[in-house]
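Single-structure report; data block below.
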Amino acid sequence: MQEYLKSLNENQREAVLHTEGPLMIVAGAGSGKTKVLTSRIAHLIHLGVDSFRILALTFTNKAAKEMKERIEHMLGNSEARNLYIGTFHSVFSRILRVEAERLGYPSNFTIYDTDDAKSVIKTIVKEKNLDDKTYKASVIYNRISSAKNSLYTYVQYQQDSDIQQEDARSNRPLIGQIFEAYSKRCFKNGAMDFDDLLVNMYILLSNFPEALSKYQMKFRYVMIDEYQDTNLAQYHIVKLLGAMHENICVVGDDAQSIYSFRGASMENIFQFQKDYEDVKVIKLEQNYRSTRNILDAANKIISKNENQIKKNLWTEKESGDKIRLVCSFTDNDEGKFVADAITELKIRNHQQNNDIAILYRTNAQSRAFEESLRRGNIAYKIYGGLSFYQRKEVKDFICYLRCVANPQDEEAIKRIINYPVRGIGNTTLNKISVFAQENNITYWQALNQLEAMGFKGATLTALQNFVMMIRHFQGLLDKKNAYELAEEIGKLSGLVKELYADKTVEGLARYENLQELLNSIKEYTETPTEDGELVERNLGSYLQQITLLTDTDNENDPDQNTVKLMTIHASKGLEFPNIFLVGVEETIFPSMMSMYDREDLEEERRLFYVAITRAKEKLWISYANNRYRFGSLVQNDPSRFIDELPAEMIDNSQGAKPRFNTPKAKGLFGNENAIQQKKVVNHTQTATHTATVNFKADDPAKLNEGMRVEHQRFGFGKIITLEGPMNNRIATINFDAPIGQKKIMLNYAKLSIVS
DNA sequence: TGCGCAGGTGTTTTT
DNA sequence: CACCTGCGCA
């Protein structure tokens, strides 16, 4: 038997050996999913399958990279280089570069990140003279994005009566029109947003039979990781790609489906089994990661969900430590507790920083921990937030590169036309926009007819100089490699000089970031091709791949020994010996947005499950009684998920009392009066109030002290005080027994006036 | 055109 | 609280 087969358990081996026909692997957390996928690919190559004909799609670059490295290691030769392994987005962008012409895009098309996309939407909203408060870019972007993820065109969007009614109800009836204008503008700009990479791939396969058969023949074996996170567009693409050979292998875990807000649908798992008659389903249920206490707790949690494929995840490991439940008085105390616990872990248990991760629900929660870790002299790294390429100075530079590679890219031109300052103001920009619109030409084409627009004097000279400069760069595109070109751009544009002149600390950091960017371009230019035949290492391909890179992906020095801080979403697929899961409080986790809907709540619970199953040996679950949010102090109950943990696996010695959380107040605060003594509340009880049938929230501005009101969860009560600014109003309400007095943030809570 | 200040406004989660 | 926007002034 081959070496790689020996180390597999029976089910894993069956999955590896089942190479022909549709296969679905339901892989529980920590059940060796990646091992199976990589072994399966190695096995295919052993059987003589041409490595060029294997496609594996993942959701993160990191997962793709890991798979590739592991296969390389297993094979011991360079065959792995020919494999098509990458994220949906990056693989499709490579294919679309080759096929761009069929779809009417330039092969150097730009990829718009979320910021670029929102900026285009803002422009359109302004052009249509709509109110940018009702038509907020983020809202519109989300509407358009979810439409695209369901393969809706703007025409279908405009004709769908449900959608139209929904938009009308939210007072935004013109989103369909904005969608249309946005699509047309992106196309004109030679740009695709993230969703377009999927949509256009779908269009390519469904409208161009030659393209379809080309890729169907090419990819004889198709593998999909994290299948539970695919959306409708991805589902259809996978189905089309695999239709000829039907050698499709999907790996997923319904219990870890946490991306429905991005259009992912667990339904795809169930649909897969219906789509193919001869589908083989294999479950991987042995967990190799966590101790039994941790695993049992996770199982208990997930069993509360109605919507799931039943699995029996088990382990041979010992029960291990109990889960430590920690209650702190404030968010800062929570930070301090974690820092202290980490120090202790390192001293007593000889753990490294690398062995430890702090997980939270939202990025904003990282601050208290950053502070406490810094104070405790513990090296850490935060994942998430802005990717390197989204930082202002880096993106400015990239926009130079973008408009050289693709002069249709209006967003890029507008961003740099007056940076560094060259006397081209807003009025001028607007004139150019209007001219381009009226004559139905691109922004760049308009810039090449300056006289026709009637510019004179200093403005004309400034514009002419800009256009000449960009043309000069474009002329170098074929003569110089990406790095040489970038160097020239840095010099001639004055950007490097501008940043160099700034000697403040931040200025220095910005200058260094720019140098780092130049280095990365250099590195890219000098690395030999290894990615299969479609990759060319020029400026265009460089630009396309960096837009798809996230913060988690540029792990420059992996041997850095740091504690890792990240959201639970970002932690998926990772494992650590020690996990601190923090901020486990109602309104944070489950999030305020997901508390009132069964499906949303189940997704939060899956998220909780994902968090717990990251831990190999030790797990802390922590919450605070008081924390600052939006600048004011709020009080949260411990999360309902804490109550769902099995009591016998919990170590309560850190003073945490999930059911009766009395604050251990001992003058930790200067302004004691500001903190309302919290009533002892069993919050499972608090949830028993069912809102009146016709419950309708009233405008918080109408509330007054002394009024009797109804709260959806806490029931009826009387307003004692109202305080804080109107945009963050806090009411102290004396609720009827057994709830008692509570502070309520009106931004979140919905109150209905009774009398 | 650019800068400083006041005021408003917002937090899920991400390729 | 922290960030962004818009406005008034130099």
Side-chain angles (χ1 to χ4, degrees), chain A residues 57-64 86-93 111-115 117 122 132-133 136-139 141-142 145 148-149 192-198 226 229-231 233-234 257-264 331 359-368 383-387 389-390 392 418-429 458-459 462 544-553 566-572 583 587-595 600 603-604 606-608 610-611 627-634 724-728 745 747-748:
Chain A
L57 297 175
T58 63
F59 273 82
T60 64
N61 293 298
K62 197 173 179 186
T87 63
F88 281 89
H89 295 266
S90 71
V91 168
F92 294 171
S93 93
I111 297 174
Y112 277 170
D113 65 22
T114 313
D115 287 338
K122 271 185 199 158
D132 60 359
K133 290 211 175 70
K136 275 203 308 198
S138 53
V139 174
Y141 177 79
N142 285 334
S145 175
K148 285 188 186 173
N149 285 327
M192 299 188 197
D193 66 18
F194 289 145
D195 304 316
D196 288 332
L197 293 172
L198 307 181
E226 308 276 15
D229 288 333
T230 52
N231 60 35
Q234 288 161 329
S257 159
I258 54 174
Y259 281 103
S260 73
F261 68 93
R262 223 170 69 191
D331 46 356
L359 306 184
Y360 35 75
R361 176 68 238 270
T362 67
N363 281 305
Q365 285 165 258
S366 66
R367 248 199 40 216
Y383 290 86
L386 280 192
S387 110
Y389 302 99
Q390 286 173 325
K392 188 191 172 299
N418 197 34
Y419 184 77
V421 178
R422 34 177 92 85
I424 303 174
N426 262 330
T427 329
T428 307
L429 293 184
T459 312
Q544 285 192 356
Q545 56 120 42
I546 59 170
T547 321
L548 297 172
L549 250 34
T550 59
D551 191 35
T552 332
D553 297 325
M566 65 187 91
T567 63
I568 303 164
H569 281 90
S571 77
K572 194 157 99 168
T587 76
I588 294 180
F589 196 13
S591 137
M592 180 62 70
M593 327 291 289
S594 321
M595 283 175 39
D600 289 348
E603 177 145 323
E604 294 282 311
R606 290 193 294 270
L607 195 55
F608 192 63
V610 168
R627 74 171 57 236
Y628 277 98
R629 245 177 145 186
F630 303 114
S632 52
L633 197 65
V634 292
M726 276 321 283
N727 64 1
N728 188 12
M745 286 183 89
N747 278 354
Y748 294 132

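Side-chain atoms are counted along with the backbone in the values below, which use heavy atoms only and exclude waters and symmetry mates. Naming convention: chains lettered A, B, ... in sequence-line order (proteins, then strands); numbering from 1 in each chain.
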Given atom CZ of F194(A) and atom C1' of dT15(B), what is their separation to the nearest angstrom?
-> 6 Å
Please state whether the rings of F88(A) and F92(A) are parallel, tilted or perpendicular, taking 30° and 60° as the class boundaries.
-> perpendicular
Protein-nucleotides 2-6 of chain C N/O pairs under 3.5 Å:
| from | atom 1 | to | atom 2 | distance (Å) |
| --- | --- | --- | --- | --- |
| dA2(C) | OP1 | R367(A) | NH1 | 2.8 |

Under-4.0 Å side-chain N/O to phosphate OP1/OP2 contact, K136(A) with dG10(B) = yes
N231(A) vs dT15(B): side-chain N/O to OP1/OP2 distance below 4.0 Å | no
The nucleotide from dT15(B), dG10(B), dT14(B) with an atom nearest the side chain of T114(A) is dT15(B)
Side-chain N,O (N418(A)) to OP1/OP2 (dT1(B)) below 4.0 Å = no
Separation of the C1' atoms in dC4(C) and dT13(B), to the nearest angstrom | 23 Å
When you get a sec, tell me which of dT14(B), dT12(B), dG2(B) is the closest nucleotide to the side chain of V421(A)?
-> dG2(B)
Nearest-nucleotide pick for T567(A), side chain only, options being dT12(B), dT14(B), dT15(B) | dT14(B)
Could you tell me whether the side-chain ring of F261(A) sits stacked on the base of dT13(B), using a centroid cut-off under 5.5 Å and a plane angle under 30°?
-> yes
Gap between atoms CE and P, on M566(A) and dT14(B) respectively (whole Å) = 11 Å
Side chain to side chain donor-acceptor pair (under 3.5 Å) partners of N363(A), counting only residues at least two apart = none
Starting from C1' on dG2(B), measure out to CZ on R422(A) and report it in whole angstrom.
-> 16 Å
What integer distance in Å separates L359(A):CG from dT12(B):C1'?
-> 16 Å
Can you check the F608(A) CZ to dT12(B) C1' distance for me, whole Å?
-> 17 Å
Side-chain contact test, heavy atoms from C-beta onward, threshold under 4.5 Å: evaluate it for I568(A) versus I258(A) and give yes or no.
-> no
T547(A) side chain reached by Y112(A) side chain, heavy atoms, under 4.5 Å = no
Qualifying residues under side chain to side chain donor-acceptor pair (under 3.5 Å), relative to K392(A), sequence neighbours excluded | D396(A)
Residue met sooner reading DNA chain B from 5', once D195(A) and S138(A) are mapped to nucleotides = S138(A)
Looking at every strand, decide which applies to I111(A) at a 4.0 Å heavy-atom threshold: base, sugar-phosphate, or nothing.
-> nothing
Would you say the base of dT13(B) and the side-chain of R361(A) have a donor-acceptor pair closer than 3.5 Å?
-> yes
Hey, are the side chains of T587(A) and V634(A) touching, using non-hydrogen atoms and a 4.5 Å cut-off?
-> no
Check whether any side-chain heavy atom of K148(A) sits under 4.5 Å from a side-chain heavy atom of F194(A), and report yes or no.
-> no
Closest to side chain of F630(A), choosing from dT15(B), dT12(B), dG10(B) | dG10(B)
Is the shortest heavy-atom distance from the side chain of D600(A) to the side chain of M595(A) under 4.5 Å?
-> no
Of the nucleotides dT14(B), dT11(B), dT12(B), which has the atom closest to the Y259(A) side chain?
-> dT14(B)
What's the CD-P distance between E603(A) and dT14(B), to the nearest Å?
-> 12 Å
Starting at the 5' end of DNA chain B and moving along, which residue's nearest nucleotide shows up first, S90(A) or N426(A)?
-> N426(A)
Could you check how far CD of Q234(A) sits from C1' of dT14(B), rounded to whole Å?
-> 12 Å
Sugar-phosphate, base or nothing in reach of D113(A), heavy atoms under 4.0 Å = nothing
Report which part of the nucleic acid K572(A) touches: base, sugar-phosphate, or nothing (heavy-atom distance under 4.0 Å, all strands).
-> nothing
Parallel, tilted or perpendicular for F589(A) and F608(A), by the 30°/60° rule?
-> perpendicular
Nearest-angstrom distance from the residue atom CD of E226(A) to P of dT14(B) = 14 Å
Report which part of the nucleic acid F59(A) touches: base, sugar-phosphate, or nothing (heavy-atom distance under 4.0 Å, all strands).
-> sugar-phosphate
